[in-house]
Q: 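Sharing a structure here in structure tokens format.
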Number of protein chains: 2
Amino acid sequence: MRVVVPYAAGAPKTRLTDILSATERSDFAAVMRDDVLTALQAVGWEPELLSTEPVDVDVPVIVDSRSLTTAVNAVLAESVPTAVVMADLALATPAALERFFAPAGDVVLVPGRGGGTNAIIVRDPDFRVDYHGASYLDHLDRAEELGASVSVVDSHRLATDIDERTDLVELLLHGEGDAPEWLRSAGFQLAISEGRVGLRREAPD
Amino acid sequence: MRVVVPYAAGAPKTRLTDILSATERSDFAAVMRDDVLTALQAVGWEPELLSTEPVDVDVPVIVDSRSLTTAVNAVLAESVPTAVVMADLALATPAALERFFAPAGDVVLVPGRGGGTNAIIVRDPDFRVDYHGASYLDHLDRAEELGASVSVVDSHRLATDIDERTDLVELLLHGEGDAPEWLRSAGFQLAISEGRVGLRREAPD
């Protein structure tokens with residue numbers, strides 16, 4: 001099975017603009033991407049990066065500047081089965097990924113928080129993705145139209161794509177790769193007050 | 001094993017104050033609680049409700065008006081093993097609960113989004129809970145101090161306690177019990193716009 005990790009190299013993680021500079025967001029996205037690639041390698045896969053621009057990583061890179069949906073569908077048109085795993089799943093561990101790769105469905109879906117599709121395995125050659133809007137629901141519908149069997153993987157680690165401030169809390173709580181260390185080096189830490197866990201940033205030493 | 005579902009009967013779900021009236025919040029909390037009890041029964045458990053006030057439900061009720069932590073620890077002092085499952089885990093399905101009950105650890109933890117402890121199994125008679133703050137981290141520490149083995153269950157369904165507006169989106173996306181129907185009857189629906197999934201409320205018919 002091909003394992004593809006889409007990566008938007010330019011101006012990533014715009015929903016973190018209020019707490020990270022453009023350079024920081026770019027660095028942080030690259031560290032998360034490398035965590036995802038490393039976790040995939042740890043369970044025996046040879047991931048390819050599907051990047052909007054050439055980038056310097058230690059895995060094969062497919063450069064495709066088109067939209068995420070178009071670029072992924074070009075890969076699916078070439079070869080199934082293919083797994084597509086988002087580059088910002090910084091909570092992904094080998095154990096969580098093994099659960100993702102275990103089911104036998106024609107389509108295996110991991111819903112992201114908010115209705116996205118954080119990871120998908122496509123074994124049906126006629127299935128195509130559409131990442132716009134509530135893609136999880138759209139992918140369920142599409143599989144049903146094709147008569148394709150669907151497995152859904154229930155994982156907090158894989159449901160949590162790192163987009164927003166509250167996602168950084170999850171990364172500090174549960175992250176096991178380099179991304180939580182990057183955050184801590186940048187001065188972020190958990191801020192625990194009355195019954196709530198938030199995020200605090202202090203100037204790094 | 002005892003299975004206990006804590007339930008705060010008075011003024012629940014205060015973080016939904018901006019979109020639900022006090023009566024609605026109370027009704028909604030009760031529907032979620034009943035979904036959790038039903039899902040537990042579906043996998044063969046006989047849950048008890050640990051309620052701050054007497055309530056009319058179809059399971060045994062222990063009334064304890066003290067704090068959540070104190071009330072749960074009183075149960076743990078009486079009997080282990082005990083499982084404690086929060087009453088607002090409205091995405092809990094029998095399959096997700098079976099994964100929770102599967103591991104053999106002295107302490108089995110399900111982290112909630114934001115660092116809480118959404119479900120726990122305690123087999124070590126010396127273990128006590130503390131639900132204040134980042135209880136997930138505190139419970140990990142406490143288990144380590146006791147030399148108790150720990151299993152952590154990675155589940156989006158069980159990590160998603162229904163506290164905030166964005167959690168209602170998850171409930172509409174994935175809920176299988178009566179709670180998502182309650183929400184729809186109250187006029188809530190997914191609002192899908194450019195790339196994002198939100199929540200909309202319209203006057204019920």
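These values consider heavy atoms only, across backbone and side chains, with no hydrogens, waters or symmetry-generated copies. Letters go in sequence order (proteins before strands), and every chain restarts at 1.
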Q: For B:L173, is it the side chain, the backbone, both or neither that has a heavy atom under 4.5 Å from a heavy atom of chain A?
A: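 Contact with chain A is through both the backbone and side chain of B:L173.
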Q: Between A:D167 and chain B, with a heavy-atom cut-off of 4.5 Å, which part of the residue counts as in contact: side chain, backbone, both or neither?
A: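 A:D167 touches chain B through backbone and side-chain heavy atoms alike.
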Q: For A:E144, I'd like to know if atom CD has over 12 heavy atoms of other residues, nucleotides or ligands within 6.0 Å.
A: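 For A:E144, atom CD is not crowded (no more than 12 foreign heavy atoms under 6.0 Å).
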Q: Where do B:I192 and A:A134 come nearest, in terms of heavy atoms and distance?
A: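 That closest heavy-atom pairing would be CD1-CB, 3.6 Å.
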Q: Flag yes if more than 12 heavy atoms outside B:Q189 fall under 6.0 Å of its CD atom; otherwise flag no.
A: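 Result for CD/B:Q189: enclosed.
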Q: So which of A:R157, A:H174, A:H156 has the biggest tally of heavy-atom pairs under 4.5 Å with chain B?
A: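 The residue among A:R157, A:H174, A:H156 with the greatest pair count is A:H156.
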Q: With only heavy atoms counted, which part of B:T93 is less than 4.5 Å from chain A, the side chain, the backbone, both or neither?
A: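 When you check distances to chain A, no heavy atom of B:T93 falls under 4.5 Å.
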Q: Would you indicate whether the side-chain heavy atoms of A:L190 and B:L137 approach each other to under 4.5 Å?
A: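 A side-chain contact exists here, since the closest heavy-atom pair is under 4.5 Å.
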Q: Do B:D154 and A:L91 have side chains that get closer than 4.5 Å, going by heavy atoms?
A: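 No, too far: nothing below the 4.5 Å cut-off.
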Q: Out of curiosity, B:R113 CZ to A:T160 OG1, how far, rounded to the nearest 0.5 Å?
A: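 Going from the CZ atom of B:R113 to the OG1 atom of A:T160 covers 5.5 Å.
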Q: With chain A as the partner, which of B:G116, B:G198, B:A159, B:S155 has the greatest number of non-hydrogen pairs under 4.5 Å?
A: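 When all of B:G116, B:G198, B:A159, B:S155 are compared, B:S155 has the most.
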